[in-house]
Every structure is written in C-alpha cells, then in structure tokens.
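Order of the sequence lines fixes the chain letters, A, B, ..., with proteins taken first and strands second; residue numbering starts at 1 for each chain.
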Number of protein chains: 2
Amino acid sequence: MKTPPRPVTLADVGAKAGVSAKTVSRVVNRHPEVTPATRQRVEAAIAATGFKPNMAARSLATDRSFLIGCFIVNSHNFYYAELVRGAARASRRYGFHLVLEEIDADESVADYYHEKMRNIGYHGLILPPHYCDSAALLDALEEDGQRYVRISPAIDPDRSPSIYADDGQGVSELAEHLWRLGHRRFGVLAGPVGHLASTIRCDGFVQSLVRLGCSSSDIRIERPASWNSIAMAGRDVAERLLRTGERPTAIFCYNDELAAALIGYARDMNLSIPHDLAVAGFDDSETARLNWPPLTTVHQPIVEMAERAVGWLVSPEPSGQTICPVALKIRSSTDPDAVFIPE
Amino acid sequence: MKTPPRPVTLADVGAKAGVSAKTVSRVVNRHPEVTPATRQRVEAAIAATGFKPNMAARSLATDRSFLIGCFIVNSHNFYYAELVRGAARASRRYGFHLVLEEIDADESVADYYHEKMRNIGYHGLILPPHYCDSAALLDALEEDGQRYVRISPAIDPDRSPSIYADDGQGVSELAEHLWRLGHRRFGVLAGPVGHLASTIRCDGFVQSLVRLGCSSSDIRIERPASWNSIAMAGRDVAERLLRTGERPTAIFCYNDELAAALIGYARDMNLSIPHDLAVAGFDDSETARLNWPPLTTVHQPIVEMAERAVGWLVSPEPSGQTICPVALKIRSSTDPDAVFIPE
DNA sequence: ATGAAAGCGCTAACAT
DNA sequence: ATGTTAGCGCTTTCAT
C-alpha cells in the first residue's frame with residue numbers, strides 16, 4: 001500500500017480560489033451569505049482539488065458527530081437484521097453513518113454506554129426492544145442530553161420518542177381471519193415468559209378469539225420447556241398440542257421460526273398444511289416466505305420503522321414526544337399467492 | 001432532555017491530579033514512562049472526574065479513527081448478517097467500532113468510497129464478496145493507503161490480505177459423503193451464472209463425483225429460470241429434477257434457502273426426506289437448522305472469518321500478504337442429531 | 001459579504 | 001520522568 005497523499009484542506013481550496021478558508025467553509029456548509037460569483041469559484045476549486053471535509057476536525061469543532069448508533073443483540077435474528085438494514089439505508093440517505101453496538105445479553109447497557117459510547121459523541125442512538133426498556137440506560141442518556149429513539153418500548157411510552165408496531169392489532173386481525181375461516185379450536189405456541197411482545201401476542205390473540213365467541217377451553221396455550229433450540233422448542237410444543245387432547249385446527253406461534261419448526265413436525269405426523277392444520281407465525285420473515293405453503297403471519301414494517309427512527313434523530317428538532325403507531329398486515333397461507341390484506 | 005454537562009478534559013484531570021495534561025494523556029495511552037506513583041494519582045483523578053477521552057480530538061490529532069468499516073449488501077441475507085456479527089464483536093473487543101456501509105447493487109463502490117468514506121479516516125475496511133472483486137475499489141483504497149481485508153475474493157488472491165472459505169473442499173467432502181451413503185444419481189440446483197461461489201460449488205461437486213466414479217450422465221444440473229423468489233426458484237428446479245427423467249436420489253443446492261424450498265416441494269410430492277431423496281444445502285444457516293429433518297449442509301465459519309479480518313485490521317503490521325484457508329465441516333441430515341464431521 | 005483570530009481536546013516533538 | 005509548545009482541520013466569534 002502506498003503512503004496516503006496529504007489531504008486537501010479548506011485552506012488549500014481557499015488558496016486555489018483566492019478566498020479565505022472560512023469562505024470555503026461557508027460554501028461547503030451552504031451558508032446563504034456568499035456571493036454567487038465567489039461560490040462558483042470556490043466550488044470549482046473544490047472540484048479541482050477533490051476536497052473532502054475532515055470528519056474528525058468537524059466533529060471536534062462542532063461537538064457533533066455524523067454517527068448514528070444502534071444497539072444490537074448478539075445473535076442472528078431476522079428482526080434485528082431488518083432493523084439494521086433500514087437504519088443503515090436511512091443513515092446513509094441523510095449523510096450519516098451507522099455504527100453497530102453489540103451488547104451481550106448479560107451485561108449492563110447503561111454501563112457499556114458510559115464506558116465506550118459516551119465519548120464518541122453520537123448524533124443519535126436507536127434503542128430496539130430490550131435495550132429501550134432499560135431505565136438505567138434511559139437515565140444515562142438523558143443525563144447526557146443524548147438524543148435517542150426507542151423502537152417498541154415496553155415502558156414509559158410518553159417519556160421520549162418511540163416507534164412501535166401494533167402487535168395487538170396484528171394478532172386481533174389474525175384471530176378474526178382464522179375465525180372467519182371456520183376454525184373453532186386453537187393452539188398457541190407462546191413466547192418466552194416475561195417478554196412483553198410475547199404477552200401482548202398471546203393475550204391479544206386469546207382475547208380476540210374470546211370476543212369472537214370462542215370458549216377459553218378451546219384455546220390451549222403451550223410453552224416450550226426450553227429455548228435452547230428453536231427446532232426443539234417447536235417440536236416440543238407440537239408434541240403436546242397435536243398428540244394429546246383434542247387437536248386444534250389452527251395454531252398461532254410466537255414467531256415464524258417456531259411456526260416452521262412446528263410445521264415440520266406436523267408434516268411428519270402426516271398432517272396436511274393448511275388443510276388439516278392451519279399454522280400462523282409472526283414477523284413475516286424469510287422463513288415465513290420460504291416455507292411451503294407460505295406461513296400465515298403478521299408483517300411488521302421493521303425497515304420503515306428504523307428509517308423513521310433515523311429520520312427523527314437527524315431532524316433539527318428533538319423529534320417531539322411523538323408515538324408512532326404502525327399499520328399491520330396479515331398474509332394468508334391458505335392462499336399461496338400471499339396477498340397482503342391492508343389494515 | 002437536559003443540556004449535556006461540560007465534558008471533562010485531560011487538563012481538568014491534570015489539574016485535579018497536580019500534573020500536566022500530557023502526563024494524563026500518557027497514563028490514558030499506557031505509555032511506559034510514567035512513575036507508578038503519578039500513575040496512581042492520575043488514575044484516581046480519572047475515576048473521580050469520570051473522564052472519557054474525546055474521540056474526535058484524538059482522531060484529529062493522530063489522524064487515526066477507531067472505526068472499522070464494512071461494506072454490506074442491501075438485503076436480508078444470512079451470510080452478511082453473520083459477517084456483521086463477527087465483525088461487530090471483534091471490533092468491540094479491540095476497542096473499535098463497526099460502521100456499516102450499505103452499497104446499492106447498481107452503484108459503483110469505488111465512487112461511493114471516494115464520495116462518502118474517504119474523509120472518515122477508517123482505520124480499516126472489510127470487503128466481503130462482491131465488493132472485494134471490484135478492481136476499481138481496490139485501486140482507490142491502495143491509492144489512499146487505506147488498510148483493508150478481503151473476504152473470499154475471486155480476483156488477485158495475492159494482491160492483499162484476504163480470508164476465504166474453501167468451498168471446493170466443502171463440496172468435495174459433501175460429494176464423498178453422499179457417495180459413501182450409496183447415492184449414484186445426483187441433481188444440482190446451481191446458483192446464479194457468473195457468480196464465482198456458484199461456479200466453484202457446482203463444478204467442484206460434479207468433479208468430485210466424477211472422480212469417485214460417477215458418470216456425468218447421472219448428474220443433472222438445473223438452474224432456476226428466475227431469481228426473483230427463492231421459493232419459486234426452488235420449486236422450479238424441483239419440478240424439473242423430480243418430475244422429469246430419472247429422479248436423482250440426492251440433490252445438492254447452491255444454498256440452504258433453495259434447499260428448503262426444494263424440500264417443501266418434494267414433500268408435497270410425498271417424497272420422504274431423506275429416505276426417498278437426500279437434499280444438501282450450503283452455509284449452515286438458520287434455515288438448515290430449522291428444517292426438519294435438518295439439512296445436510298456445508299458450514300462456513302463466517303463469524304470467525306470476520307473476527308479474523310478485524311484482528312488483522314487492528315494489528316500494528318499491515319497483516320502481510322497472507323491467505324487464510326478455512327476448515328470446512330459437513331453436517332449430515334440423515335443423522336438428525338446433526339454432528340459435525342471435522343475436516 | 002468576507003476575513004482574522006481563537007479554540008475545540010488531544011497528541012507529537014521537543015524541551016527539561 | 002514530566003512539562004511546554006505547536007499544531008491536527010474545522011468552526012465560531014468578532015471585525016471589517
């Protein structure tokens with residue numbers, strides 16, 4: 001590798017254009033008080049020299065970085081991958097750069113923020129589920145005046161800008177959909193205990209069914225004995241739901257991956273999907289689309305939510321105390337052509 | 001949000017400890033020439049004041065950032081997600097931060113680098129497949145003296161540090177494995193034309209079989225008519241491979257997602273997997289694990305490769321011209337307990 | 001509308 | 001072993 005060429009500075013450009021460095025700075029930053037004539041000359045000099053402003057110097061002088069930070073769990077997960085996609089795309093669109101901050105499950109986010117992130121001078125931070133519910137983190141951020149946006153927070157919805165998907169609405173529509181199809185006995189593969197989304201999805205689904213006239217005794221809720229393996233979790237619950245008691249004709253699973261695992265097992269039992277058994281998931285992930293027949297599922301506009309989060313972070317005003325409900329869509333597995341039914 | 005407290009500077013700490021700012025700097029940067037006594041005093045002052053060095057100032061002064069950049073495709077994809085996981089984790093371990101640079105499929109990476117990345121002063125860059133084969137980008141990086149590491153490059157293996165997975169070895173082992181199981185008629189669901197990994201996997205698989213004594217006429221290679229939908233691609237090829245001509249007893253698919261799609265279709269045909277038909281994928285992705293029975297597949301240590309890439313980037317020496325072959329592992333779907341067979 | 005000076009917080013290079 | 005000086009490249013403030 002060659003040694004890097006000496007970078008072009010504002011002063012270099014200024015010399016070339018016959019103006020001061022400050023004038024060049026004004027042009028670069030689109031200040032209005034510059035004569036069109038000088039502006040043109042400066043822009044020509046910028047183009048000629050290939051000048052690129054130095055981020056570090058700008059950050060030091062303005063005490064603002066052009067970095068957006070996003071907390072991320074340390075595991076392969078459709079939800080986070082989508083979130084990152086949206087955030088990266090939007091950051092780029094606004095001239096910012098997305099930094100990933102991977103936090104271990106067993107460590108304190110607030111501590112990590114203090115130790116490693118505070119000095120970066122992040123322009124804004126994205127707090128996806130889990131992190132957005134750490135009161136200690138929120139306290140630390142507000143103490144610093146650090147701008148942030150929360151995604152689907154479980155606590156203090158009015159505390160600060162937050163964007164969430166209306167899981168309750170989604171499962172309610174799903175319940176109606178299945179009920180309309182004629183299903184009367186249901187199973188639920190519930191998510192982890194204590195996980196808010198899990199509670200909302202499970203309870204919302206059940207309540208909607210009851211509201212439709214379903215008897216509680218016709219809804220069986222099962223939870224995997226262990227979460228170590230998604231495949232095993234799905235099989236475990238399938239075993240209980242399909243081998244014992246009166247078999248449900250429709251099962252709603254906490255997410256698509258669990259639904260896929262459950263379906264695999266059901267097929268081994270020679271059940272035809274969706275004829276003998278309808279299975280619904282949540283997230284509208286790759287898994288839901290790859291499965292055959294495609295999974296009934298609830299789509300969260302994750303990418304768009306992340307884009308909106310970044311949009312708020314880069315906007316001049318601290319984005320207000322807005323809460324943004326998001327429309328949900330249901331995809332039908334009984335119709336292989338998988339059309340979206342709008343809210 | 002409160003207004004941020006005035007940040008603590010080196011000078012502040014120095015005043016408190018009764019030393020110069022520079023001495024504090026030396027302590028922070030672990031310079032050896034500091035008396036244990038003063039070091040202790042300074043460290044106490046640092047702890048008391050809650051001092052955190054300012055990244056921007058440090059970057060400006062040293063002309064080094066603590067940022068690792070990683071080029072990323074704009075789509076949800078197991079491979080890139082894993083790569084990001086490994087890179088984020090390793091960056092963090094070394095005190096760096098990982099920045100994602102999402103590049104659209106239809107734009108020039110080299111141009112984007114010039115426009116948006118050059119002024120960041122990246123400590124190092126990770127070039128995953130596709131980007132690592134842009135000669136224009138490599139030229140631009142070397143012109144700038146920009147440190148970088150390539151992952152599985154298709155061109156110029158000796159040009160610069162690169163890390164690759166030995167796909168050829170993987171498919172060779174896979175071929176042997178299937179042959180040993182007694183398969184004699186094979187199908188291949190090939191990847192996109194012109195894609196290097198696709199060529200290596202397909203050709204390597206076929207050549208290995210031929211070497212084992214398989215007749216070329218017993219190996220049928222099929223390619224989806226369209227790549228718009230993975231599910232449809234899998235069905236498309238399955239249709240041709242399983243409905244026409246003599247049915248193969250084993251099919252190797254370019255990746256796990258295609259394999260899953262193909263399997264779904266095969267099951268609709270009432271073929272029992274793996275009894276009637278063995279299906280193998282590539283990547284060892286979530287899909288391979290969620291499928292039931294689990295997919296035969298070839299595992300790339302993607303996370304570890306990314307970690308190694310970062311390790312090279314942060315090491316003082318420009319990491320040499322080393323090429324790093326990586327061991328491959330094969331997982332067997334005929335054995336549901338999915339043990340790894342070491343190389 | 002433009003320029004000059006000062007300084008953001010840090011470190012390299014030279015003192016001592 | 002520690003302190004002093006002079007910037008890094010930019011922006012702010014205050015002149016003009």
Hey, is the side chain of A:N29 poking within less than 4.0 Å of OP1 or OP2 on D:dT11, counting only N and O atoms? yes

Axis bend over the full length of the helix from C:dA1-D:dT16 to C:dT16-D:dA1, computed from five pairs that close each end, to 10 degrees: 30°

Separation of D:dT11 atom C1' from A:F66 atom CZ, nearest Å, is 12 Å

May I ask you to decide if B:Y131's main-chain N or O and B:S134's side chain share a donor-acceptor pair within less than 3.5 Å? no

Would you find a donor on one side and an acceptor on the other, under 3.5 Å apart, between the side chain of A:R85 and the backbone of B:N74? yes

Of the non-hydrogen atoms in B:I155 and B:L138, which two are nearest, and what is the gap between them? CD1-CD1, 4.3 Å

In terms of relative ring orientation, are A:F66 and A:F96 parallel, tilted or perpendicular, with 30° and 60° separating the classes? tilted

Are any of the side-chain heavy atoms of B:L67 and B:I120 separated by less than 4.5 Å? yes

Atom CG of B:N54 to atom C1' of C:dG9: distance rounded to whole Å? 6 Å

Under-4.0 Å side-chain N/O to phosphate OP1/OP2 contact, A:S59 with D:dC10: no

Can you check whether A:T62 has a side-chain N or O nearer than 4.0 Å to OP1 or OP2 of D:dC10? no

Set out, in order, the CA-CA distance, both residues' side-chain angles and the distance that settles side chain to side chain donor-acceptor pair (under 3.5 Å) for B:H97 and A:E101, then state yes or no. CA-CA 7 Å; B:H97 293 260; A:E101 296 286 358; 2.7 Å; yes

Protein-nucleic acid N or O pairs under 3.5 Å, nucleotides 3-5 of chain C:
from, atom 1, to, atom 2, distance (Å)
C:dG3, OP2, A:S20, N, 3.0
C:dG3, OP2, A:S20, OG, 2.9
C:dG3, OP2, A:T23, OG1, 2.4
C:dG3, N7, A:R26, NH2, 2.7

Rounded to whole Å, CZ of A:R58 lies from P of D:dT12 at a distance of 10 Å

Find out whether A:V99 and A:C70 are in side-chain contact, i.e. whether some heavy atom of one side chain is under 4.5 Å from a heavy atom of the other. no

Want to settle it: does B:T38 or B:A61 sit nearer the 5' end of DNA chain D, counting the closest nucleotide to each? B:T38

Distance test, side-chain N/O of B:S25 to OP1/OP2 of C:dT11, below 4.0 Å: yes

Nearest to the A:V34 side chain among C:dT2, D:dC10, C:dT11, which nucleotide is it? C:dT2

Hey, which of A:L141, A:I151, A:V149, A:D133 is the one that makes side chain to side chain contact (heavy atoms under 4.5 Å, CB included) with A:L127? A:L141

